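What follows is a set of notes on a single structure, which appears directly below.
In this text the structure is predicted, and so the values were computed from the model without any measurement.
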Amino acid sequence: IMLHSTLALPLLLIAVTSNLAMAIKKEKRAPQTLSRGWGDEITWVQTYEEGLYQAKKSNKPLMVIHHLEDCQYCQALKKAFAENEEIQEMAQNNFIMLNIMHETTDKNLSPDGQYVPRIMFVDPSLTVRADITGRYSNRLYTYEPQDMMFLIENMKKALRLVQTEL
């Protein structure tokens, strides 16, 4: 009987430690619920205010994605956005990223209406870049899944504007 219990203890320890390791791993990934499917490798800020603070602090532009869960256009854009390696890489390294499902009190983020999806850029100087627009004149800040190359160009433009204006 003694032999049996000495064997049981290490097995129990292994089970506990692997569960603990899994819990720690899970704990570390928890904030990624903020990605809401837009890219799990990207560090997302939780609020617009936090985004502005981080943009100013890091001297990186803030990219704000307005979307809704039950919007099919948002879902399609999200999929294209998440699958595009260049966008994911730039978002991860060069931008402060925020995706939100509610309107902010900053009216500058809805210069032509509160539609979704819309993507806007805010400079580290905290200026909303209303001059960085998509392809559609009726909804200036919307992008469609086939517009990823256009979005990449606009991301590069947002980065260039930071460098030239400081």
Side-chain angles (χ1 to χ4, degrees), residues 26-136 138-166:
K26 267 199 194 99
E27 192 56 44
K28 231 176 115 179
R29 305 246 351 128
Q32 280 318 323
T33 50
L34 289 176
S35 87
R36 299 186 183 93
W38 291 90
D40 286 338
E41 299 307 312
I42 297 168
T43 304
W44 297 90
V45 294
Q46 206 156 358
T47 63
Y48 183 53
E49 293 67 30
E50 185 192 346
L52 293 174
Y53 172 77
Q54 293 292 346
K56 200 178 174 85
K57 198 175 91 170
S58 67
N59 198 32
K60 291 178 179 178
L62 167 66
M63 184 175 186
V64 184
I65 305 170
H66 286 93
H67 64 105
L68 292 169
E69 271 312 316
D70 55 2
C71 153
Q72 64 184 36
Y73 303 105
C74 300
Q75 294 298 341
L77 180 64
K78 179 191 295 189
K79 189 176 178 339
F81 187 97
E83 286 171 0
N84 187 298
E85 281 181 33
E86 191 173 356
I87 287 178
Q88 291 290 307
E89 202 254 335
M90 268 200 290
Q92 209 177 325
N93 299 317
N94 309 106
F95 287 86
I96 302 301
M97 297 295 296
L98 170 67
N99 72 77
I100 47 177
M101 295 188 285
H102 56 83
E103 284 301 329
T104 66
T105 50
D106 187 346
K107 295 287 171 255
N108 297 314
L109 283 181
S110 51
D112 65 340
Q114 298 189 336
Y115 52 85
V116 291
R118 70 179 193 281
I119 298 178
M120 298 197 68
F121 297 94
V122 185
D123 218 66
S125 67
L126 308 189
T127 312
V128 175
R129 301 292 339 194
D131 54 341
I132 302 180
T133 56
R135 297 165 55 165
Y136 310 97
N138 59 335
R139 293 185 162 195
L140 291 177
Y141 307 98
T142 205
Y143 295 84
E144 291 187 351
Q146 65 271 23
D147 299 333
M148 291 304 97
M149 289 316 294
F150 202 80
L151 180 57
I152 288 169
E153 284 315 304
N154 276 348
M155 288 172 83
K156 289 179 178 170
K157 184 176 176 182
L159 291 170
R160 269 197 311 276
L161 287 168
V162 170
Q163 283 146 10
T164 54
E165 291 183 8
L166 290 175

task = Mind checking the NZ-CD spacing from Lys107 to Gln114? Nearest 0.5 Å is all I need.
result = 5.5 Å
message = Would the distance check show the side chain of Lys78 and the main-chain N or O of Arg36 forming a donor-acceptor pair, the cut-off being under 3.5 Å?
response = yes
ask   = Is atom CD of Gln46 surrounded by more than 12 heavy atoms (other residues, nucleotides or ligands) closer than 6.0 Å?
value = no
request  = Examine distances only and state if a side-chain atom of Lys60 and a backbone atom of Val162 form a donor-acceptor pair shorter than 3.5 Å.
outcome  = no
inquiry  = Between Leu151 and Asn84, is the side chain to side chain contact (heavy atoms under 4.5 Å, CB included) condition met? List the steps.
reply    = CA-CA 11 Å; Leu151 180 57; Asn84 187 298; over 6 Å; no
task = Using the six-membered ring wherever Trp is involved, compare the ring planes of Trp38 and His67 and label them parallel, tilted or perpendicular (cut-offs 30° and 60°).
result = perpendicular
key: Heavy-atom pair with the smallest gap, counting every atom of Ala55 and Pro124   = O-CB, 3.5 Å
query = Is the shortest heavy-atom distance from the side chain of Tyr136 to the side chain of Asp147 under 4.5 Å?
reply = yes
task = Walk me through it: do Trp44 and Ile65 pass the test side chain to side chain contact (heavy atoms under 4.5 Å, CB included)?
result = CA-CA 11 Å; Trp44 297 90; Ile65 305 170; 4.1 Å; yes
key: Considering all heavy atoms, the nearest Asp131-Lys157 contact   = O-NZ, 3.5 Å
ask   = Any side-chain heavy atom of Glu85 within less than 4.5 Å of one from Glu89?
value = no
key: Contact check, side chains of Val122 and Asp106, non-hydrogen atoms, under 4.5 Å   = no
request  = Report yes if some heavy atom in the side chain of Ile119 is under 4.5 Å from a heavy atom in the side chain of Asn154; otherwise report no.
outcome  = no
key: Close side-chain approach of Met148 and Leu77, heavy atoms under 4.5 Å   = yes
request  = Could you tell me the separation between the CG atom of Leu34 and the CG atom of Asp40, rounded to the nearest 0.5 Å?
outcome  = 10.5 Å
inquiry  = For the CG atom of Leu109 and the CZ atom of Phe121, what is their distance to the nearest 0.5 Å?
reply    = 12.0 Å
Distance-minimising heavy-atom pair for Met155 and Ile87 = CE-O, 3.8 Å
ask   = Closest heavy-atom contact between Tyr141 and Arg129?
value = CE2-O, 4.5 Å
task = With the side chain counted from C-beta on, respond yes when Leu52 and Glu49 share a heavy-atom pair under 4.5 Å apart, and no when they do not.
result = no
Heavy-atom check, side chain of Ile96 versus side chain of Ser58, under 4.5 Å = yes
key: Closest heavy-atom pair and its distance - Leu98, Tyr48   = CD2-CA, 3.5 Å
request  = Using the side chain to side chain contact (heavy atoms under 4.5 Å, CB included) rule, pick out the option among Thr43, Leu62, Leu159 that qualifies with Phe95.
outcome  = Leu159
Val128 to Met120 - nearest heavy-atom pair and separation = CG1-CE, 3.6 Å
inquiry  = Set out, in order, the CA-CA distance, both residues' side-chain angles and the distance that settles side chain to side chain contact (heavy atoms under 4.5 Å, CB included) for Gln88 and Phe81, then state yes or no.
reply    = CA-CA 7 Å; Gln88 291 290 307; Phe81 187 97; 3.5 Å; yes
request  = Identify whether the distance between the nearest side-chain nitrogen and carboxylate oxygen of Glu144 and Arg139 falls below 4.0 Å.
outcome  = no
query = Should we count OH of Tyr53 as having more than 12 external heavy atoms under 6.0 Å?
reply = no
query = Are any of the side-chain heavy atoms of Leu140 and Arg118 separated by less than 4.5 Å?
reply = no
